[in-house]
Amino acid sequence: MTNSSYTEIGKNGLWSNNVALVQLLGLCPLLAVTNTVVNGLGLGIATTITLLISNTCISMIRKMVRPEVRIPVFVLVIASAVTIIELSMNAWLHDLYRVLGIFIPLIVTNCAIIGRAEAFASKQIVRLAAWDGLMMGLGFTIILCLLGGLREALGQGTLFSHAELMFGAAAKDWVIILIDDYRGFLLAMLPPGAFIGLSLIIAVKNRINAQQEKQRTAVIVQAHTESIS
């Protein structure tokens, strides 16, 4: 495979076909836990590791699984990966594990993961499947952190609060206070705030895409005009 294949997969995962912004998959945990950056980062890393493990394993066994039973086998692989991650978080990041709660085991039902397994990993070699899982997971994690940062800044006037849940006691001082004596904006921390925040991020992405398309069209028209003259 050429480098362009890896570049195209990376571009799809991070921007063009982003799970959260374009495919609109896995929105339940995305909207539920993104009231801080740390919560979003924790769930994003767990989802990325799940995508990486499941895509790799499914690509390795794709020629041994009969088509009739492929979905149950894919779900079994994903559930096994999520169980490993859940037990690991419970052991090493127990406080963060308690905050994220039910949304860690619910990664099994994330449509993005089974969707990538069926649409990509089951048809590609291991290296490309693993790269796709990593890029799709990173794209999802970036949106989780971006939405978490937006909601935390508006809701509490801080960033990286409770960083010690993920990085240990030494991270207690990492919190950034954006506005002193900020009284908070409750709507940003509630579910409607999550919907509004995500819609704003999607609107910004669509605006950037529209500007890029406009620039490409202008370049094509200019080149066509010069060729005629």
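As the structure is a prediction and not an experimental result, all values here were calculated from the model.
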Does a sphere of radius 6.0 Å around CE in M189 hold more than 12 heavy atoms from other residues, nucleotides or ligands, not counting ones at 6.0 Å or beyond? yes
Distance-only, no hydrogens or angles: does the D95 side chain make a donor-acceptor pair with backbone N or O of L165 under 3.5 Å? no
Could you give me the CA-CA distance, side-chain angles and deciding distance for L31 and F195, then say whether side chain to side chain contact (heavy atoms under 4.5 Å, CB included) is met? CA-CA 7 Å; L31 296 171; F195 279 102; 3.4 Å; yes
Verify, without hydrogens or angle tests, whether Q23 (side chain) and A112 (backbone) share a donor-acceptor contact under 3.5 angstrom. no
Non-hydrogen atoms of A188 and G155 that approach each other most closely: CB-N, 3.8 Å
One should read off an interatomic distance between L100 CG and N39 CG, to the nearest 0.5 angstrom, of 5.5 Å
Roughly how far, to the nearest 0.5 Å, is CD1 of I107 from CD1 of I102? 11.0 Å
Salt bridge present between E8 and K11 (N-O < 4.0 angstrom): no
For the CG atom of L93 and the CE atom of M166, what is their distance to the nearest 0.5 Å? 6.5 Å
For A20 versus L30, what's the shortest heavy-atom pair and its separation? CB-CD1, 3.4 Å
Find out whether L14 and N18 are in side-chain contact, i.e. whether some heavy atom of one side chain is under 4.5 Å from a heavy atom of the other. no
To check you understand the geometry: which heavy-atom pair defines the closest contact between H94 and N90, and what is its length? ND1-OD1, 2.7 Å
Parallel, tilted or perpendicular: which describes the rings of Y6 and W131, with under 30° parallel and over 60° perpendicular? perpendicular
Over all atoms of both residues, closest heavy-atom pair of F140 and G26: CZ-O, 3.6 Å
At their closest point, which heavy atom of F74 faces which heavy atom of I114, and how far apart are they? CB-CD1, 3.7 Å
Do L198 and L27 have side chains that get closer than 4.5 Å, going by heavy atoms? yes
Is there a path from V82 to I49 through hydrophobic residues (I, L, V, M, F, W, Y) whose side chains come within less than 4.5 Å of each other? yes
For the pair R62 (side chain) and Q124 (backbone), establish whether a donor and an acceptor sit closer than 3.5 Å, ignoring hydrogens and angles. yes
Check for a donor-acceptor pair, side chain of S161 on one end and backbone N or O of T158 on the other, with a separation under 3.5 Å. no
Greater than 12 external heavy atoms within 6.0 Å of K172's NZ: no
Do N12 and M135 come close enough that some side-chain heavy atom pair is under 4.5 Å? no
With a sphere of 6.0 Å drawn around CD1 of I177, does it hold more than 12 non-hydrogen atoms of other residues, nucleotides or ligands? no
Locate the shortest heavy-atom distance separating C145 from V37; write the atom from each residue and the value. O-CG2, 4.1 Å
Could you check whether any side-chain N or O of S122 sits under 3.5 Å from a backbone N or O of A117, counting only pairs where one atom can act as donor and the other as acceptor? yes
Just wondering, more than 12 heavy atoms not from R216 lying within 6.0 Å of its CZ? yes
Is any side-chain heavy atom of Y97 less than 4.5 Å from a side-chain heavy atom of I85? no
Answer yes if W15 and V22 sit in the same cluster of Ile, Leu, Val, Met, Phe, Trp and Tyr residues linked by side chain heavy atoms under 4.5 Å apart, and no otherwise. no
What is the distance from atom OG1 of T109 to atom CZ of F103, rounded to the nearest 0.5 Å? 10.0 Å
Before giving the answer on side chain to side chain donor-acceptor pair (under 3.5 Å), spell out for T34 and R151 the whole-Å C-alpha distance, their side-chain angles and the decisive distance to 0.1 Å. CA-CA 7 Å; T34 53; R151 295 179 66 191; 3.0 Å; yes
Hydrophobic cluster identity match, F185 and I176, side-chain contacts under 4.5 Å: yes
Going through the checks in order, is the side chain to side chain contact (heavy atoms under 4.5 Å, CB included) test met by T141 and L41? CA-CA 6 Å; T141 302; L41 181 61; 4.2 Å; yes
Determine whether a donor-acceptor pair (N or O, by modelled atom type, separation under 3.5 Å) exists between the side chain of Y182 and the backbone of L154. yes
Supply the atom-to-atom distance S54 OG to R116 CZ, rounded to the nearest 0.5 angstrom. 11.0 Å
Side-chain contact test, heavy atoms from C-beta onward, threshold under 4.5 Å: evaluate it for I201 versus K205 and give yes or no. no
Examine distances only and state if a side-chain atom of E152 and a backbone atom of F160 form a donor-acceptor pair shorter than 3.5 Å. yes
Using a 4.5 Å cut-off on heavy atoms from C-beta on, say whether the side chain of V204 contacts that of L200. no
Can V75 be reached from V69 by stepping across I, L, V, M, F, W or Y side chains whose heavy atoms are under 4.5 Å apart? yes
Linking I/L/V/M/F/W/Y whenever any side-chain heavy atoms sit under 4.5 Å apart, do I58 and V73 land together? yes
Verdict with supporting geometry, I9 and L128, side chain to side chain contact (heavy atoms under 4.5 Å, CB included): CA-CA 8 Å; I9 291 172; L128 287 182; 3.6 Å; yes
If you define the side chain from C-beta out and look only at heavy atoms, does anything of T48 sit under 4.5 Å from M136? no
Are L24 and I202 close enough, and set up right, to give a side chain to side chain contact (heavy atoms under 4.5 Å, CB included), and what steps lead you there? CA-CA 10 Å; L24 299 179; I202 293 174; 3.8 Å; yes
Separation between CD (Q156) and NE2 (H162), nearest 0.5 Å, reads 6.0 Å
Counting distance only, does the side-chain N/O of N55 pair as donor-acceptor with the main-chain N or O of A129 below 3.5 Å? yes
